[in-house]
Protein chains: 2
Amino acid sequence: MQITKQADYAVRAVMYLSAHGRRHRMATNKIAMDQKIPLSFLAKIISQLSIAGVVHTMRGAKGGVTLSRPASEISLLDVVEAIDGPITLNECVLDASVCPFGENCKVHEVWCEAHTDLMNKLGATDFQTLVSG
Amino acid sequence: MQITKQADYAVRAVMYLSAHGRRHRMATNKIAMDQKIPLSFLAKIISQLSIAGVVHTMRGAKGGVTLSRPASEISLLDVVEAIDGPITLNECVLDASVCPFGENCKVHEVWCEAHTDLMNKLGATDFQTLVSG
DNA sequence: GAAATCATGCAAATTACGAAACAAGCTGAT
DNA sequence: ATCAGCTTGTTTCGTAATTTGCATGATTTC
């Protein structure tokens, strides 16, 4: 019942980018050094964030990573789900058919409610607020 | 970011016990059959619940499993934490020292808040309500 | 001692984590 | 243009931890 370290790293990387302004290109190894993230691991994470459309990467000399939209429009949920996939407290939240009891299950409701609360919380937290507030 | 299947099984097992009354001794294999849980896996889960003080087990013929207190005094949180250990959305929630940035981290606050919300939600849900409501 | 039942140790499968090697793309100097 | 050097993207691999499940052992009642 935890987010993975990858997701934690991703959050920190996006925080770092947010703190340095949207237009500023940052090299991955700089982020890695500053945030104490294994470089080769971060490369993979950045790549996933890029696929998810959270950051924009440019290869080559003078290349680097930038946010693909303003920090105020990127939520914690965006970043975590880009890396870990959909957040689900229990399997049945996303797909009730995996449970032999399906919807006829009182606990199912509780999981769904807690899930919604958590999504709302993370979805409401944007990186602009995180770095400035 | 999910509870384990063990925890899910544990919840279902406690639900079953709650539905059948506190004094009624149930054999593990009956629970396993009814709730579609691998028998030998359930045995280990029951054992952990016993150590955590949620259920009381008795060996031997005519042995079985009973709730160790009324269903109304057992929360979802009790059962999940008995199996999966403390719920933590991120490592730093329980131990800020694992993070090189410690408390000076805006995200830390968010994790802690979300964590508290989740704990409250699960802690407020008791099994009496689950089986009767 | 036999049957029923929980307890515990062992093995397979999955996932997380990190490292390394290689490929590809951009820039700027020559 | 071409080449050299910098930077990300992709793939592969190995290790370690966790999860899941099974088989066997230990304990109690009759």
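Just so it is clear: chains get the letters A, B, ... in the order the sequence lines come, proteins before strands, and each one is counted from 1. Everything numeric here is computed off the predicted structure, so don't read it as measured data. Because only heavy atoms are used, hydrogens play no part in the values below, and waters and symmetry mates are left out as well, while side chains stay in.
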Separation of atom CD1 in I31(B) from atom P in dA4(C), rounded to whole Å: 18 Å
Examine the base of dT28(D) for any acceptor or donor lying under 3.5 Å from a partner atom in the side chain of R59(B), and report the outcome as yes or no. no
Sequence neighbours excluded, which residues qualify as side chain to side chain contact (heavy atoms under 4.5 Å, CB included) partners of S18(B)? V14(B), L67(B), A71(B), F127(B), V131(B)
Atom pair CG/NZ of D117(A) and K121(B) - distance to nearest 0.5 Å: 5.0 Å
Hey, does S47(A) reach any base, or is it just sugar-phosphate, or nothing, if we go heavy atoms under 4.0 Å? sugar-phosphate
Figure out the CD1/P separation between I46(B) and dT20(D), and round it to whole Å. 16 Å
Between dG9(D) (P) and K44(A) (NZ): distance, integer Å: 13 Å
dT18(D) phosphate, OP1 or OP2, under 4.0 Å from T4(B) side-chain N/O: no
D84(B) with K5(B): basic N within carboxylate O range, under 4.0 Å: no
Would you indicate, yes or no, if dG21(D) has its OP1 or OP2 atom less than 4.0 angstrom from a side-chain nitrogen or oxygen of Y9(B)? yes
Starting from C1' on dT20(D), measure out to CD1 on I3(B) and report it in whole angstrom. 15 Å
Starting from the 5' end of DNA chain C, give me the residue, G60(A) or A43(B), whose nearest nucleotide shows up first. A43(B)
Check the distance between dT10(D)'s P and L42(A)'s CG and give it to me in whole angstrom. 14 Å
Ignoring hydrogens and angles, does a donor from either the side chain of K62(A) or the base of dG25(C) sit under 3.5 Å from an acceptor on the other? no
Mind checking if T28(A) touches a base, just sugar-phosphate, or nothing, with heavy atoms under 4.0 Å? sugar-phosphate
With no hydrogens and no angle check, is any side-chain donor or acceptor of D34(B) less than 3.5 Å from a backbone partner on I31(B)? no
Choose from dT8(D), dT28(D), dT5(C) the nucleotide whose nearest atom is closest to any side-chain atom of A61(B). dT28(D)
Mind calculating the distance between CE (M1(A)) and P (dT15(C)) to the nearest angstrom? 17 Å
Rounded off to whole Å, could you give me the CZ-to-C1' distance for the F41(B) and dT8(C) pair? 14 Å
Atom CE of M26(A) to atom P of dT7(D): distance rounded to whole Å? 12 Å
Out of dA7(C), dG9(D), dT19(D), whichever nucleotide has its closest atom nearest the side chain of Q6(B): dT19(D)
Measure the shortest side-chain to side-chain distance between M119(B) and E81(B) over non-hydrogen atoms and say whether it is less than 4.5 angstrom. yes
